[in-house]
Amino acid sequence: MIYLIVGNSGSGKSTIANALIKLEINKITTYTTRPPRPSEIPGIDYNFISIEDFKKLDENDKFIGTTNYVGNFYSTLKKDLDKNYLGDENCVIVVDKKGVKEIKEEYPKSVCIYLECSDEVLKNRMINRNDDPENIEKRLKENEDLSPIADYKVNANKDIDSVYEDVVTIIKKTKNNI
């Protein structure tokens, strides 16, 4: 099963995806052209690459769900999804709305979990992770309700441990090999 984690910036998507590794769920690390945040580890949080390298991969049809978000490109390597999907493995990936649509079209055995969060909580989380104030405002302007593309919705206004437990409950209901 491919688990697609979506939510607005600051909703806890990466934190939840990283925590799911404990359940023996493979985490797909996506690609981005944005610079890493101080707490991010290249190859773990994202594969940070140049715009030139990103465009080469995209032009060669290696990516699925490519998007430009507040001036930076993001995408997923198709081969990373193929490896898990064709091998009947469980994996988790953080994507946006376009990524969900394209991945679900190509990989119909995918489950989308939306981490819904209020703007106030999102803003506080971005401040706490030391995001640039200008970037915070840009990201908040991009917020949208992602319920229409989600198979499941989780209230992410709660503490991260409670959000994690809610996501685990969904995964236990839908996971391969149980």
With [X] via salt bridge (charged side-chain N to carboxylate O under 4.0 Å, His left out) - residues at least two apart:
X: K78; value: D61
X: K56; value: none
X: E144; value: K97
X: D131; value: R37, R129

Pairwise distance [atom1]([X]) to [atom2]([Y]) - rounded to 0.5 angstrom:
X: I16; Y: L115; atom1: CD1; atom2: CG; result: 6.5 Å
X: D151; Y: I170; atom1: CG; atom2: CD1; result: 9.5 Å
X: T33; Y: I49; atom1: OG1; atom2: CD1; result: 8.0 Å
X: K109; Y: N90; atom1: NZ; atom2: CG; result: 9.0 Å
X: N26; Y: K83; atom1: CG; atom2: NZ; result: 7.0 Å
X: N155; Y: S11; atom1: CG; atom2: OG; result: 11.5 Å

Do [X] and [Y] share a hydrophobic cluster (ILVMFWY, side-chain heavy atoms under 4.5 Å, transitive)?
X: V92; Y: I160; result: yes
X: L23; Y: I5; result: yes
X: L77; Y: L81; result: no
X: F48; Y: L57; result: no
X: I113; Y: I25; result: yes

For [X], give me all partners under ring-ring contact (aromatic ring centres under 6.0 Å, His included), at least two apart in sequence or on another chain.
X: Y85; answer: Y107
X: Y69; answer: none
X: Y164; answer: none

Are the side chains of [X] and [Y] in touch, meaning some heavy atoms are under 4.5 Å apart?
X: D58; Y: F73; result: no
X: E137; Y: L140; result: yes
X: V6; Y: C112; result: yes
X: V95; Y: Y74; result: no
X: Y3; Y: I93; result: no
X: V94; Y: T30; result: no
X: C117; Y: R125; result: yes
X: P36; Y: Y46; result: no

Candidate list L122, D119, D96, test side-chain contact (heavy atoms from CB on, under 4.5 Å), partner N8, passing option
L122

Assess whether atom NZ of K104 is packed by more than 12 heavy atoms of other residues, nucleotides or ligands within 6.0 Å.
yes

Around atom CD of E142, are there more than 12 heavy atoms from other residues, nucleotides or ligands closer than 6.0 Å?
yes

Sub-3.5 Å donor-acceptor pair from the side chain of E89 to the main-chain atoms of N84, do we have one?
no

Decide side chain to side chain contact (heavy atoms under 4.5 Å, CB included) for E134 and K138; before the verdict, give the C-alpha distance in whole Å, the side-chain angles of both, and the deciding distance to 0.1 Å.
CA-CA 6 Å; E134 187 176 304; K138 282 183 191 175; 3.9 Å; yes

Please give the remaining members of the hydrophobic cluster of V121, linking ILVMFWY side chains under 4.5 Å, ordered by chain and number.
none

Nonpolar side-chain network containing I41, other nodes, edges under 4.5 Å
I44

Any chance you could lay out the side chain to side chain contact (heavy atoms under 4.5 Å, CB included) test for V168 and L20, step after step, and finish with the verdict?
CA-CA 8 Å; V168 168; L20 291 172; 4.2 Å; yes

Where do N157 and E120 land on the side chain to side chain contact (heavy atoms under 4.5 Å, CB included) test, with the steps shown first?
CA-CA 9 Å; N157 288 318; E120 180 182 337; over 6 Å; no

Residues at least two apart in sequence or cross-chain that pass side-chain hydrogen bond (donor to acceptor under 3.5 Å, both in side chains) with D161, listed by chain then number, are none

With sequence neighbours left out, what residues match R139 under side-chain hydrogen bond (donor to acceptor under 3.5 Å, both in side chains)?
S9

Heavy-atom nearest pair, T29 first then G43, reads OG1-O, 3.5 Å

Nearest atoms (heavy-atom pairs only) where K153 meets S147
CD-OG, 3.5 Å

Between K158 and E165, does the salt bridge (charged side-chain N to carboxylate O under 4.0 Å, His left out) criterion hold? Intermediate values first, please.
CA-CA 11 Å; K158 305 180 283 185; E165 289 304 319; over 6 Å; no

Does any donor atom in the side chain of D159 or S162 lie under 3.5 Å from an acceptor atom in the other side chain?
yes

By the salt bridge (charged side-chain N to carboxylate O under 4.0 Å, His left out) test, which pairs, at least two apart or in different chains, include something from residues 8-27?
none

